[in-house]
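Have a look at the structure below before the remarks.
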Amino acid sequence: MNQPQAVHRADAGSNSDLPQLYRMMRRIRTFEERVGELFVRGQSAGSMLHLSIGEESAAAGVCAAMRDGDRFTTHHRGHGIFLARGADPARMMAEIGGKEAGYCHGKGGSMHIADMGLGHLGANAIVGGGIPAVVGAGLAARHHKTGAISAAFFGDGATGQGILYESMNMAALWSLPCLFVCINNQYGMGTRIDQATANPRLHERAQAFGLAAETVDGLDVEAVAEAGRRLVDGVRDGKPAFLVIDCYRFYGHARKDKSPYRDPGEEETGRAKDPVAFARAALIERKVLEESALDTLDAEVAAEMDATIDFTVAQHEPPLSSMFRDVYAPGEPEPEPVRTRIDRILARG
Amino acid sequence: MALQEMTYRDALRKALADSMTENPDVIILGEEVGRYGGAYAVTKDLIKEFGPERVIDTPISEPAIVGAAVGAAMAGLRPVAELMYVDFIGMTMDQLANQAAKIRYMFGGQIGVPMVLRTQGGTGRSAGAQHSQSLEAYVMHTPGLRLAMPATVADAYHLLRQALTKPDPVVFIEHKALYTLKEMVDLDAPAPDWGKAAIRRQGRDLVIVTYSRQVHYVMEAAKKLAAEGIEATVIDLRTLSPLDFDTIRTHVEKTGRAMVVSEGVMTAGVAAELAARISEECFDFLEDPVIRVAGEDIPISVSTALETGSVPGPQLIFESAMKLLSSREAV
Ligand SMILES: Cc1ncc(C[n+]2csc(CCOP(=O)(O)OP(=O)(O)O)c2C)c(N)n1
Ligand SMILES: [Mg+2]
């Protein structure tokens with residue numbers, strides 16, 4: 001369950017790649033569906049859960065071009081990316097449930113999940129907040145000559161943040177191995193991309209800073225993987241790049257949002273751009289896998305993800321005593337609890 | 001208008017609508033304030049009423065939202081900039097602290113920046129470390145800024161209406177857990193003055209000074225204290241700048257005991273400022289140290305147990321007051 005994602009090096013469009021990409025996308029979709037279920041069952045920590053359904057090709061495709069040792073940050077809609085980099089879905093789900101067994105011991109949650117072992121420098125609840133860290137990680141990779149790249153995953157909404165442009169400029173100026181991945185699901189909460197910018201051709205901005213930049217249609221995960229591979233090869237050589245994946249956010253912004261601001265016709269068209277269904281159809285059509293084999297695969301994935309819920313429900317919340325841990329490094333003085341302080345002050349005479 | 005039931009959210013919305021009707025120069029700008037109606041639905045349908053030129057949806061660009069409000073205010077508008085979460089205030093701190101707050105002073109009094117920055121903070125939604133903070137101390141620590149933090153439905157209305165008439169930048173921090181608070185209000189009744197604290201309860205034994213959501217927790221604790229024979233005066237500051245210290249002093253001098261309660265972290269926070277000031281100014285009247293009940297000096301966790309455990313609640317306030325009062329008997 002916890003094995004890192006294999007490095008895909010097959011040629012573009014090669015049939016041997018697609019089953020793996022499909023499997024990963026199916027895992028992401030099913031995981032996200034289970035996150036929704038966790039919320040409905042009242043077992044999630046809050047409702048600020050952002051599902052990446054409809055965007056699976058971005059995570060599966062780009063991450064296929066990454067390898068062990070690479071580092072990355074994600075935005076708040078980052079479950080799929082983390083899974084595609086090898087995360088254990090049970091520990092992810094437990095974190096989303098605010099449980100001690102989660103990746104961050106219930107302190108971070110869905111929007112602040114991280115795992116240094118897998119190179120995940122952190123999801124972020126500040127739009128654009130995780131982007132500059134990959135510049136720093138790029139500096140470190142160059143300094144330590146690791147050959148690693150660092151990738152920032154963010155949404156179209158983050159293109160409104162100045163820090164993206166500051167970061168891209170530095171990466172280009174210093175020829176850092178940085179990849180900027182913009183998952184354009186057409187919306188930042190209720191604001192459609194054309195309501196947030198006069199020029200929605202987002203990759204042009206990166207070109208202005210001297211980055212290699214392209215836009216790829218997220219419907220086709222093989223196309224995403226191919227673009228990812230092409231750009232990542234350059235990035236490893238110190239040519240930073242920017243990749244836009246065009247897709248559609250199938251459901252609401254977070255769990256409580258029903259997207260009343262979207263036209264039902266638009267939603268229907270948007271959801272027809274389904275990368276999972278598209279890959280499945282391609283596998284059948286090219287006779288790579290039969291429908292029954294895909295059904296079996298889907299059922300395996302469903303069982304894997306069902307287990308994450310059972311696991312999470314059985315876990316406990318972190319003990320109150322853990323509250324003061326990790327504000328500072330182990331061994332450093334911990335903050336004094338308010339209660340203790342009051343007792344100390346009043347225990348006179 | 002007679003007495004009617006209203007939520008904190010609706011009172012804020014009404015304050016915006018009434019101000020916009022009264023003053024055509026009032027505009028709103030922020031993320032999701034228009035078509036979406038606001039992340040917490042405070043600006044719901046205002047775009048229908050006042051149009052997209054006065055209710056402006058912005059890109060996700062906090063520094064420029066606040067900066068644009070500064071310029072608009074200098075150029076004759078009365079902007080209300082909305083910051084979706086107070087946690088993003090750090091991103092805007094240059095525009096707020098170096099520009100908005102200092103322009104009147106640096107430019108020798110030529111011009112002010114009459115803008116309102118509406119935002120919300122606090123715990124209560126398992127929203128995690130970057131969406132749950134109480135950062136009012138950043139604002140209170142910055143000369144030139146005014147700061148209002150309503151606890152009640154009536155104050156949500158009146159303070160926002162008044163903020164929109166003030167000559168200087170006002171940061172207006174709502175509490176996310178109060179939006180659904182319902183109270184009976186008569187908004188036509190005379191409003192309390194801006195900058196004046198409210199006495200929510202009077203008692204002979206101690207004064208509890210607080211603001212925002214903690215007012216409700218303190219009132220709950222005060223009820224339990226009364227059952228134990230301890231009577232507390234509860235002061236709701238309403239605005240932290242200006243700060244109505246006269247009211248605090250008057251009541252502390254009467255009881256000789258003071259406690260301050262704030263959801264923000266304890267160290268170098270609003271509670272620290274209030275406690276220091278009470279200790280200095282009421283020294284001769286105090287029989288016990290001023291006690292701070294405040295947020296733990298830690299980030300907020302997504303786990304509900306840790307989240308609620310890291311900020312004051314009625315129980316901690318009650319217990320702390322009991323300890324403060326029983327320390328008197330020991331002397
Ligand atoms: C600095 C900051 N501003 C605003 C928000 C509130 N917010 C959270 S997600 C979001 C929309 C982000 O859109 P996008 O970057 O396209 O990501 P998506 O949600 O579409 O995946 C907004 C405005 C935030 N979390 N951080
Ligand atoms: Mg988006």
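Hydrogens, waters and symmetry mates are skipped; everything else that's a heavy atom, side chains included, is used. Chain identifiers are assigned alphabetically (A, B, ...) following the order of the sequence lines, protein sequences preceding nucleic acid strands; residue numbering begins at 1 within each chain.
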Pair B/Arg35, A/Thr191: side-chain N/O donor-acceptor within cut-off below 3.5 Å: no
Roughly how far, to the nearest 0.5 Å, is CD1 of B/Ile298 from CZ of A/Arg325? 12.0 Å
Checking B/Glu319 against chain A: side chain, backbone, both or neither under 4.5 Å from a heavy atom? side chain
Are the side chain of B/Glu32 and the backbone of A/Gly190 linked by a donor-acceptor contact shorter than 3.5 Å? yes
I need the residue from A/Gly98, A/Gly129, A/Pro319 with the largest number of non-hydrogen atom pairs under 4.5 Å to chain B. A/Gly98
Tightest non-hydrogen contact, residues A/Gly160 and B/Ser61, listed as O-OG, 2.6 Å
On a heavy-atom basis, the closest approach of B/Ser320 and A/Ile342 is OG-CD1, 3.5 Å
Is it the side chain or the backbone of B/Ile291 that comes within 4.5 Å of chain A heavy atoms, both, or neither? side chain
Residues A/Leu320 and B/Leu306: closest non-hydrogen pair is CA-CD2, 3.9 Å
When you look at A/Met323 and B/Ser301, which way does the side chain to side chain contact (heavy atoms under 4.5 Å, CB included) test go after all the steps? CA-CA 8 Å; A/Met323 197 155 77; B/Ser301 288; 5.9 Å; no
To the nearest 0.5 Å, how far apart are OG in B/Ser326 and CG in A/Leu346? 7.5 Å
In terms of heavy-atom pairs under 4.5 Å, which option from B/Ser126, B/Ala127, B/Gly295, B/Ala294 contacts chain A the most? B/Ser126
Could you walk me through whether B/Val302 and A/Met111 pass side chain to side chain contact (heavy atoms under 4.5 Å, CB included), step by step? CA-CA 9 Å; B/Val302 78; A/Met111 297 197 290; over 6 Å; no
Spacing of A/Met48 atom CE and B/His131 atom NE2 [to the nearest 0.5 Å]: 4.0 Å
Relative to chain B, which segment of A/Met189 carries a heavy atom at a distance below 4.5 Å: side chain, backbone, both, or neither? both
